[in-house]
Amino acid sequence: MLLSKNMRSLKPFIILSLLFYFSNGRTQPVSNHNVYSETNKPAWWKEAVVYQIYPRSFKDSDGDGVGDLRGIISKLDYLKSLGIDVVWLNPIFASPNDDNGYDISDYRSIMKEFGTMQDFDELLSGLHKRKIRLVLDMVLNHSSDEHEWFKQARSSRNSPYRNYYHWWPAEKGKPTPRYSFFDVNNDAWKYDPLTKSYYLHYFSQKQPDLNWENEKLRHEVYGIMKFWLDKGIDGLRMDAFQYVSKDTTWKKYPEGYERNIIKYYGMGPHLHQYLKEMNRTVLSKYNIMTVAEGAGSTLADAHSLVDADRQELNMAYHFEIMDIGNDPKGYKLPDLKKAFTKWDHSFANKGWLAIFLGNHDVPRMVSKYGNDSKAFKTTSSKLLTTLIMTMRGTPYYFNGDELGMTNIRFDKIEDYRDIATINAYKNAKDKNEDLQAFMDKQKFISRDNTRTPFQWDRTINAGFTTGTPWIKVNQNYNEANVADEEKNPASELAYFKKIVALRKASPVLVYGSYHVFDIENPSIYCYTRSLGKENVLVVLNFSNHEATYQLDKGINTLSAKQLINNYSGAVGIADNKLNLKPWQAIVYQLKRA
């Protein structure tokens, strides 16, 4: 590599600096393999394990059936025991809860059901005392229609807040059609009779889209960000942010555009202008983690959001892997492997990725990607955890997945609470579609599958609440709960703690290069991670059957040491072959090169 004269003089300092990285207050050595790549530049948010908490369903402290901040406070020692570094909270701001908090009526207040600002301050302090950072979920594409901005905006066409939202005057006729994700009729324009105008809502009618074209609105948002960052939070996850920049010429889109919605709604004409302004005004002044939900529709889009030289955000949270496996019939493992591999290769030297298989918007991880039958739930859950914790990128883990929590599979529409499912049912009913087929699919795909109450113990309502829970508790809580799993060294919870500890002790699992083998194999996922002289082999059997697997001859397994195995006992490698049990996951340390 050619270096300028100034760079040559700094070279010893650069190398020495990059030999160490900071993690949870400890300084640890890092190999100098690929030391000059942006990807290998140490950062706390790269080395972190992120644990997502859905507050409404985590722990209720006052018996009203809704999880709250004091409930989380009561479980801080549990969070510490997991070994995680960051808690990401879904929205906790004041909200009428049309979309479970993603419709915010006051960005500087706490939702009454969740507690008070004093509770929040205590929560933040308690997390920090335990060396756990906090990331808040900011909803910035839209507000609630009960936000004071919108109340003022809809009061008069002359309101100073009118331009905080997108309006279409009725005298111009009906607006150009736009698709809504949550509207019963998928119509993103809602007529407002008071000012004889339509307002835009990409999501529900109670979630009007904010007008980021308005500089005053943008600086209001930056003020909100500063408010929370000055309180000491450690990062921002920005919900639906790729949608904030609209093409306000409102041109007509081709028929069927909603099937490729990111192409038309995402990465709008001024998105990067807004992000650079946000970074300059707010983000660059804090040592924080910044993540936008969605990463455009191409790899180039994702890089444009998070590459360091872009000075915008610092982590890409893409959905290509989440789009695999949405059919109840299952998915093909090579598709999953190719998606992981494509994104890793693109980000090998620049940018950084979030790695996840679950969150609040998708089914339970083990129900979607594993096998949640009694025979294989524990092993397949551990295998999926192994995959997340051994890939390059920052692992995100949704609360309850560490227990092997599963889809609840409601039989009746009355049991659902998610606006997306409820309105989709109404739409299907209006169109005389097969409602049984619709309900069968929701048992697999509905967001409510992952939002059921956290399962703490075998007491009533799984120890979540002494009252009536806002959504039903999964009745398998006697089989998956914290109290039982903490006593069982073979549980999913025990395994989660072990592999989190392994990752945190292994720079190769954070920064190491990734190489996949046998990518077309329909049931085995085999890859290595390498950093300098450190080499790790990961072998995962994504099937209900035993398998004898022949490793690639290029993998040197002499003196291979087993680091973790989701079954008991050691699995030896003979003639570069492995005998694998169903859903077995094994990680080996290979002989140094």
Side-chain angles (χ1 to χ4, degrees), residues 319-344 355-358 362-393 395-398 401-402 404-407 444-445 490 492 495-496 498-499 502-503 509 514-529 536-552 555 562-569 571 573 576-588:
F319 290 109
E320 184 169 340
I321 289 163
M322 289 294 96
D323 290 339
I324 296 169
N326 287 333
D327 189 325
K329 295 178 182 178
Y331 65 97
K332 296 179 179 178
L333 179 61
D335 292 341
L336 193 70
K337 292 192 279 187
K338 288 173 185 176
F340 271 115
T341 301
K342 179 180 83 171
W343 282 86
D344 182 88
I355 302 295
F356 60 100
L357 290 173
V362 295
R364 278 290 173 187
M365 176 180 77
V366 71
S367 297
K368 181 177 181 180
Y369 294 107
N371 182 332
D372 65 7
S373 68
K374 287 187 178 182
F376 300 117
K377 181 182 77 72
T378 296
T379 49
S380 66
S381 175
K382 292 177 180 179
L383 176 144
L384 296 170
T385 298
T386 307
L387 173 61
I388 295 170
M389 294 298 170
T390 58
M391 290 296 294
R392 176 163 49 187
Y396 284 64
Y397 212 82
F398 188 72
D401 282 343
E402 75 273 22
M405 284 182 63
T406 63
N407 281 3
F444 179 75
I445 205 67
E492 292 97 313
Y495 187 85
F496 176 81
K498 288 177 187 175
I499 201 160
L502 175 63
R503 181 182 178 88
L509 294 179
Y514 158 92
H515 184 80
V516 66
F517 297 88
D518 199 12
I519 201 166
E520 295 294 345
N521 190 298
S523 58
I524 306 296
Y525 195 171
C526 175
Y527 54 94
T528 56
R529 302 290 311 281
V536 168
L537 169 67
V538 182
V539 186
L540 311 172
N541 179 12
F542 276 76
S543 80
N544 300 335
H545 309 287
E546 294 184 352
T548 298
Y549 185 63
Q550 179 70 56
L551 294 167
D552 187 274
I555 300 174
Q562 181 176 291
L563 296 177
I564 198 165
N565 177 3
N566 66 343
Y567 281 80
S568 61
V571 176
I573 303 174
N576 254 27
K577 287 183 181 178
L578 278 170
N579 292 318
L580 299 168
K581 295 177 181 177
W583 294 98
Q584 188 157 28
I586 314 177
V587 181
Y588 294 96

Any non-hydrogen side-chain atom of K368 less than 4.5 Å from a side-chain atom of L357? no

For S523 and L333, work out which heavy atoms get closest and say how close. C-CD2, 3.4 Å

Does the side chain of T385 come within less than 4.5 Å of E402's, by heavy atoms? no

Rounded to the nearest 0.5 Å, what separates atom NE2 in H515 from atom OG1 in T341? 9.5 Å

Look at the side chain of R529 and the backbone N and O of V536, then say whether any donor-acceptor pair between them is shorter than 3.5 Å. no

If I compare all heavy atoms of Q584 with all of K581, which pair ends up nearest, and what's the gap? OE1-N, 2.7 Å

Distance in Å, M405 CE paired with M365 CE, rounded so as to fall on 0.5 Å steps: 12.0 Å

Going through the distances and angles, do Y588 and L578 end up as a side-chain contact (heavy atoms from CB on, under 4.5 Å)? CA-CA 12 Å; Y588 294 96; L578 278 170; 3.1 Å; yes

L387 and F542, any side-chain heavy atoms less than 4.5 Å apart: yes

Side chains of N407 and D372, donor plus acceptor under 3.5 Å: no

Closest non-hydrogen atoms of K337 and Y514, given as atom of the first, atom of the second and distance, are O-OH, 4.3 Å

Is any side-chain heavy atom of D344 less than 4.5 Å from a side-chain heavy atom of V516? no

Residues which pass side-chain hydrogen bond (donor to acceptor under 3.5 Å, both in side chains) with T386, listed by chain and number, not counting sequence neighbours: Y495

Rounded to the nearest 0.5 Å, how far does CG of L563 lie from CG of L509? 8.0 Å

By side-chain hydrogen bond (donor to acceptor under 3.5 Å, both in side chains), Y527 pairs with (sequence neighbours left out) T390

Quick one: NZ on K577 to OG1 on T548, what's the gap to the nearest 0.5 Å? 7.5 Å

State, with a plain yes or no, whether a side-chain heavy atom of T378 is found less than 4.5 Å away from one of W583. no

Between the side chains of E546 and N579, does any donor sit under 3.5 Å from an acceptor? no

For the student: nearest non-hydrogen atoms of G358 and M322, plus distance: N-CE, 4.1 Å

Are V366 and E492 side-chain neighbours, meaning at least one heavy-atom pair lies under 4.5 Å? no

Check: D518 side chain, C526 main-chain N or O, donor-acceptor pair, under 3.5 Å: no

Under a 3.5 Å threshold, yes or no: a donor from one side chain and an acceptor from the other, between N566 and T379? no

Criterion side-chain contact (heavy atoms from CB on, under 4.5 Å) against L537, the qualifying member of L551, V587, D552: L551

To check you understand the geometry: which heavy-atom pair defines the closest contact between G569 and Q562, and what is its length? O-NE2, 3.2 Å

Can you confirm whether I524 sits close enough to L580 that some side-chain heavy atom of one is under 4.5 Å from a side-chain heavy atom of the other? yes

Are Y331 and Y369, when compared by the centres of their aromatic rings, separated by less than 6.0 Å? yes

Tell me yes or no: between the side chains of N541 and Y549, is some donor less than 3.5 Å from an acceptor? no

I need the L540 CG to L383 CG distance, nearest 0.5 Å. 4.5 Å

Residues D401 and R364: closest non-hydrogen pair is OD1-NH1, 3.0 Å

If you measure from CD1 on I499 to CD1 on I564, what distance do you get to the nearest 0.5 Å? 4.5 Å

Are K382 and Y567 packed together at the side-chain level, in the sense that at least one heavy-atom pair is separated by less than 4.5 angstrom? no

What is the ring orientation for F340 with Y525, classed by angle as parallel under 30°, tilted 30 to 60°, or perpendicular over 60°? tilted

